[in-house]
Amino acid sequence: MTDVPLRCLLMARQGPEDREDRIEDHLLELAELARSSGFEVAARRRLKRPAVAPRTFYGAGQLEGLAEEATRLGVGLLVCDDELSGSQVNAIEKLTGLRCLDRTGLILGIFEQRAQTREAKAQVELARCEYELPRLKGAWTHLERQAGGVGLRGGPGETQIEVDRRMIRTRISQLKRELAHLEQVRATQRQGRPGGLPRVALVGYTNAGKTSLLRALTGEGEPRDLLFATLDTTTRKAWLGQDCDPETGAGSGQPRHCLVADTVGFIRKLPHQLVAAFRSTLGEVRTADALVVVADAAHPDLEEHLRVVGATLREIGCAPEGDEAQPRLLVLNQVDRLHRPRKLDLRRRHPGAVQACAPTGLGLDEIRAWLRELIPGPPAPREPEAWELAEPSAG
Ligand SMILES: Nc1nc2c(ncn2[C@@H]2O[C@H](COP(=O)(O)OP(=O)(O)OP(=O)(O)O)[C@@H](O)[C@H]2O)c(=O)[nH]1
Ligand SMILES: [Mg+2]
């Protein structure tokens, strides 16, 4: 039997201060998120509303119209770009008779589908618990399954919702303890890695090409055209060439390496529960010796993406300037999809950036040269030439 994808209708509020094209861009990104979750997008709608309706967010009249359209289109799910409260989601579901997901719920769902390792699974579950806690309706089947349904109800008079809240809080404490332990394991692993090699983290907006660059540098990693394809940090060794100046022949001739970590992508309005829960994974970014910021140069929202990446890096504790700031290299990836004038324009706007195409290897030499500069230590031993040792001849 083949799974028929659930058809969804996407919507976003357009307030008086919001530009139409911005909301359209946000809806396009939401469509990518929906596609990455396995849903089929039937339509996208901007709902003009001067002010948020407290109970239903979008207002009952607009929602009723939308529900009729949804029925005609065979849609079973409404996906909203706005972050809604639990009671607003409930009110929309009741009014339209359709399931409703907000942006955070959609992103959480993708993370849940992708999580592979024990750490990623625990991080995502923690984010889910933090998200659901203020949204409880009554039943919390997910935890009932885990707890085996035994001895759940407390003393007399404890309502179902209180039981649920208590169970979630207990689970949150368990998950935090587990993650603290895993973070220690990770820190120990970091210390045990080959000494002296610089550690570099690939960071950037989701789907920019971080995994493709990891693959180009190290030969490992599976790039995919999906948002949040990568959740787990993968660290691999990259070969940066011989320690040898091709012009003079100076250097030890030894191969030079660094460690490159691929990390989870960022996105506009990345749910704060996820940022908090992924602190330990993102610790790889915070403690890296340098950051390579990968961006999709061909994306129409490039500058917005860069701003989001800058803000998210600040949020996770990576200072952009000052003594603590890590060296950063901006890689404008996917330039194969750009015409020459745009490339020149980007060269003017971002003179320090490397223009690259990870799959073909364009720009890789420049990136490697930058990474080589990070290798610490005294200059490699060399044989002095005769003139350096000779005494000046007398007379
Ligand atoms: N044309 C072109 N496509 C690229 C380039 N780099 C990556 N891609 C494609 O872009 C898509 C995303 O690449 P990934 O490397 O998986 O991106 P990512 O940043 O790791 O994405 P997430 O892990 O989902 O955050 C894949 O389909 C890649 O094949 C490039 O330079 N040019
Ligand atoms: Mg990736």
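One-based numbering, in listed order, for ligands and for the atoms of each. The figures that follow rest on heavy atoms only: side chains count, while hydrogens, waters and symmetry mates do not. Note that the structure is predicted; figures quoted are calculated from it, not measured.
- Between Arg171 and Gln174 there is a side-chain heavy-atom pair separated by less than 4.5 Å.
- In this structure, the side chains of Gln88 and Thr56 stay at 4.5 Å or more apart for every pair of heavy atoms.
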Report all side-chain donor-acceptor pairs from residues 347-354 shorter than 3.5 Å, counting only partners two or more places apart or in another chain.
unit_1: Arg348; atom_1: NH2; unit_2: Asp345; atom_2: OD1; d: 2.8
unit_1: Arg349; atom_1: NE; unit_2: Asp345; atom_2: OD2; d: 3.4
unit_1: His350; atom_1: NE2; unit_2: Glu303; atom_2: OE2; d: 3.1

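- Excluding waters, the set of protein N, O or S atoms lying under 2.8 Å from the Mg ion (ligand 2) comprises Thr211 OG1, Thr230 OG1.
- In this structure, Arg118 CZ and His181 NE2 are separated by 6.0 Å, a value rounded to the nearest 0.5 Å.
- Closer than 4.0 angstrom to ligand 1 sit non-hydrogen atoms from Thr206, Asn207, Ala208, Gly209, Lys210, Thr211, Ser212, Pro223, Arg224, Asp225, Leu226, Leu227, Phe228, Ala229, Thr230, Gly265, Asn333, Gln334, Asp336, Arg337, Cys357, Ala358, Pro359.
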Self-check item: Step-by-step side-chain contact (heavy atoms from CB on, under 4.5 Å) determination, Lys269 to Thr104
Solution: CA-CA 8 Å; Lys269 290 204 240 166; Thr104 304; over 6 Å; no
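- Using the six-membered ring where Trp is involved, Phe278 and Phe111 have ring planes that are perpendicular, over 60° apart on the 30 and 60° scheme.
- Here the options are Arg13, Arg268, Arg44, the test is salt bridge (charged side-chain N to carboxylate O under 4.0 Å, His left out), and the partner is Asp81; only Arg268 passes.
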Which donor-acceptor pairs under 3.5 Å do the side chains of residues 31-41 make with protein atoms, sequence neighbours left out?
unit_1: Glu32; atom_1: OE1; unit_2: Arg35; atom_2: NH2; d: 2.9
unit_1: Glu32; atom_1: OE2; unit_2: Arg35; atom_2: NE; d: 3.3
unit_1: Arg35; atom_1: NH2; unit_2: Asp225; atom_2: O; d: 3.2
unit_1: Ser36; atom_1: OG; unit_2: Glu32; atom_2: O; d: 3.0
unit_1: Ser36; atom_1: OG; unit_2: Leu227; atom_2: N; d: 3.0
unit_1: Ser37; atom_1: OG; unit_2: Leu33; atom_2: O; d: 2.9
unit_1: Glu40; atom_1: OE2; unit_2: Arg7; atom_2: NH1; d: 2.6

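- Under the 4.0 Å criterion applied to side-chain N and carboxylate O atoms, Glu112 and Lys121 are not assigned as salt-bridge partners.
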